[in-house]
Trainee: 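There's a structure below that I have some questions on.
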Amino acid sequence: MSVTIKNSMEIKAMRRSNRLLQDVFSGLREMIRPGVSTWEINEAGEKLIRDLGGVPNFLNYSGYPASVCTSVNEEVVHGIPSRERILREGDIISLDAGLIYDGYHSDAARTYAVGRISKEAQDLIDVTRQSFFEGIRYARAGLHLNDICTAIGAYAEDRGYGVIRDLCGHGIGREMHEDPQIPNFAQKTRGIRLQPGMTLAIEPMISTGSYDVEWLDDGWTVVTKDRSLAAHYENTILITDGEPEILTLSPDE
Ligand code: MF3
Ligand code: CO
């Protein structure tokens, strides 16, 4: 599949779908505290999505069994919600969720603190978030995809963090995963030229240790090989004639 350019109708639909996802995250953020299970978070997330008129796009995607990915501490992404996984003070949890509204997909992720967390963990969350913003300084028509990738990776690596290499961001629209793939580190080629109307899910995944990851036996959960902490920050953005629009960022963030 090639990279899709959205027309003004489609851009409106993408704004709507991704705006609804902001509300899902506002609701989920409020639930994060010691004692809550990742199962409860997923249940609440699915209800929020459906109450807003959306359809969860992760549920049954390649067999994934939930609507919200819940990844705790050394889990990088795609953690599977479980009644047995109870959040504890000091944990960090990455939530990744998306929905389909009127045929258009949204996708975002945040890492939250559970109660009071270590400075190491908070710094990781902050660097991961900031690496996204460093990247999207280059999310402008006429620049190339690798300008974004390079900026994300350099920001995190210069600060001594591991930049996960086995997973990447992606185009998004009528499908959750469209071209192009968007790695979070410098590539050997400059990649596609960015154009107005492209909608991209940019999602740095960063660890306090090595970038090496492995998959747990559940076939989904990605963990750091050295079991160092990992964080994830993702927004769906729109390339415009000027500044990129961050479709999944709510004003209070
Ligand atoms: N949201 C993920 C991404 O950023 C995809 C989730 S995989 C799923 O690409 F299986 F959980 F849906
Ligand atoms: Co994504």
Trainee: Name the one of Asp102, Ile237, Ile172 that satisfies side chain to side chain contact (heavy atoms under 4.5 Å, CB included) with Met14?
Mentor: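 By the side chain to side chain contact (heavy atoms under 4.5 Å, CB included) criterion, Met14 pairs with just one of Asp102, Ile237, Ile172: Ile172.
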Trainee: So His177 and His170, would you call those rings parallel, tilted or perpendicular, with 30° and 60° as cut-offs?
Mentor: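 If you compare the ring of His177 with that of His170, the planes turn out perpendicular.
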Trainee: When the ring planes of Tyr233 and Phe133 are compared, do they come out parallel, tilted or perpendicular, using 30° and 60° as the limits?
Mentor: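 Ring orientation, 0 to 90° scale: tilted.
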Trainee: Report yes if the side chains of Tyr161 and Leu124 come closer than 4.5 Å at any heavy-atom pair, otherwise no.
Mentor: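 In short, these two side chains touch, coming nearer than 4.5 Å.
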Trainee: Could you tell me if the side chain of Thr208 sits less than 4.5 Å from the side chain of Thr224, heavy atoms only?
Mentor: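 No, their side chains stay 4.5 Å or more apart.
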Trainee: Could you walk me through whether Glu43 and Lys47 satisfy the salt bridge (Lys or Arg N to Asp or Glu O under 4.0 Å) test, starting with their C-alpha distance in whole Å, then the side-chain angles of each, then the deciding distance to 0.1 Å, before giving a yes or no?
Mentor: CA-CA 6 Å; Glu43 291 275 285; Lys47 183 168 191 322; over 6 Å; no
Trainee: Out of curiosity, does Leu229 fall in the hydrophobic cluster containing Val223 (side-chain heavy atoms, cut-off under 4.5 Å, transitive links)?
Mentor: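 No, no single cluster joins them.
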Trainee: Just so I know, are the side chains of Ile80 and Thr70 near enough to count as touching, which here means a heavy-atom distance under 4.5 Å?
Mentor: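 Heavy-atom side-chain distance check fails, nothing below 4.5 Å.
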Trainee: Under a plain distance cut-off of 3.5 Å, with no hydrogens placed, do Arg110 and Asn235 share a side-chain donor-acceptor pair?
Mentor: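 Arg110 and Asn235 do have a side-chain donor-acceptor pair below 3.5 Å.
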Trainee: Can you tell if the side chain of Asp226 reaches within under 4.5 Å of the side chain of Asp212, non-hydrogen atoms only?
Mentor: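 They are not in contact (no side-chain heavy atoms under 4.5 Å apart), so the answer is no.
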Trainee: I'd like a table of donor-acceptor pairs (distance under 3.5 Å, sequence neighbours excluded) in which one partner is a side-chain atom from residues 135-143, with atom names and distances.
Mentor:
unit_1	atom_1	unit_2	atom_2	d
Arg137	NH1	Glu134	OE1	2.9
Arg140	NH1	Glu243	OE2	3.0

Trainee: Under the side chain to side chain contact (heavy atoms under 4.5 Å, CB included) criterion, do Glu74 and Lys225 qualify, and how do the steps go?
Mentor: CA-CA 9 Å; Glu74 76 281 0; Lys225 239 182 199 161; over 6 Å; no
Trainee: Heavy atoms only: give me the nearest Ala156-Val163 pair and the separation to one decimal.
Mentor: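 Shortest heavy-atom separation between Ala156 and Val163 comes out as CB-CG2, 3.7 Å.
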Trainee: Give the minimum heavy-atom separation between Gly79 and Glu75, together with the two atoms involved.
Mentor: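 Residues Gly79 and Glu75, closest heavy atoms: CA-OE1, 4.4 Å.
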Trainee: Does Asn42 reach the main-chain N or O of Val68 with its side chain, forming a donor-acceptor pair under 3.5 Å?
Mentor: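 Yes; at least one donor-acceptor contact below 3.5 Å.
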Trainee: State, yes or no, whether a side-chain contact exists between Met198 and Ile192 at a heavy-atom distance under 4.5 Å.
Mentor: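 They are in contact (side-chain heavy atoms under 4.5 Å apart), so the answer is yes.
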Trainee: After noting the C-alpha distance and the side-chain angles of Thr4 and Glu178, does the key distance pass the side-chain hydrogen bond (donor to acceptor under 3.5 Å, both in side chains) rule?
Mentor: CA-CA 8 Å; Thr4 60; Glu178 298 187 355; 2.6 Å; yes
Trainee: So that I can tick it off, tell me whether Glu157 and Arg165 are bridged by a salt bridge, with the cut-off set at under 4.0 angstrom between side-chain N and carboxylate O.
Mentor: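 Looking at Arg165 and Glu157, the cut-off is met.
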Trainee: If we only count heavy atoms from C-beta on, is the Thr240 to Pro196 side-chain gap below 4.5 Å?
Mentor: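 No, side chains not in contact.
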Trainee: Can you get from Leu21 to Ile100 by hopping between Ile, Leu, Val, Met, Phe, Trp and Tyr side chains that sit under 4.5 Å apart?
Mentor: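 Result: no, two separate clusters.
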Trainee: With clusters defined by side-chain heavy atoms of hydrophobic residues (ILVMFWY) lying less than 4.5 Å apart, directly or transitively, does Ile246 cluster with Ile202?
Mentor: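 Yes, same cluster.
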Trainee: Are Asn18 and Gln22 close enough that a side-chain donor and a side-chain acceptor fall under 3.5 Å?
Mentor: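 The answer is no; no qualifying pair exists.
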Trainee: Determine the minimum heavy-atom distance between Pro65 and Trp220, stating which atoms define it.
Mentor: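 For Pro65 and Trp220, the tightest heavy-atom pair comes out as CD-NE1, 4.2 Å.
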Trainee: Specify the closest pair of heavy atoms between Ser94 and Ala230, including all atoms of both residues, with the distance to one decimal.
Mentor: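 Residues Ser94 and Ala230, closest heavy atoms: OG-O, 4.2 Å.
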Trainee: Glu40 and Arg83: salt bridge (Lys or Arg N to Asp or Glu O under 4.0 Å), yes or no, with the steps?
Mentor: CA-CA 7 Å; Glu40 291 169 80; Arg83 287 191 171 85; over 6 Å; no
Trainee: Is it true that Arg227 and Glu214 have a side-chain N and a carboxylate O under 4.0 angstrom from each other?
Mentor: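 Answer for the salt bridge query: yes.
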Trainee: Considering only heavy atoms from C-beta outward, does the side chain of Tyr61 approach that of Pro56 to under 4.5 Å?
Mentor: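 No. Closest side-chain heavy atoms not under 4.5 Å.
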Trainee: Is the NZ or CZ atom of Arg16 both under 6.0 Å from the centre of the six-membered ring of Tyr104 and within 45° of that ring's axis?
Mentor: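 Judged by the rule (NZ or CZ under 6.0 Å from the ring centre, within 45° of its axis), Arg16 is not positioned above Tyr104.
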Trainee: Any chain of hydrophobic side-chain contacts (each under 4.5 Å) joining Tyr112 to Leu48?
Mentor: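 Per the 4.5 Å side-chain linkage, Tyr112 and Leu48 are co-clustered.
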Trainee: With Val72, which of Thr221, Val114, Leu87 fulfils side chain to side chain contact (heavy atoms under 4.5 Å, CB included)?
Mentor: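 Among Thr221, Val114, Leu87, the one meeting side chain to side chain contact (heavy atoms under 4.5 Å, CB included) with Val72 is Leu87.
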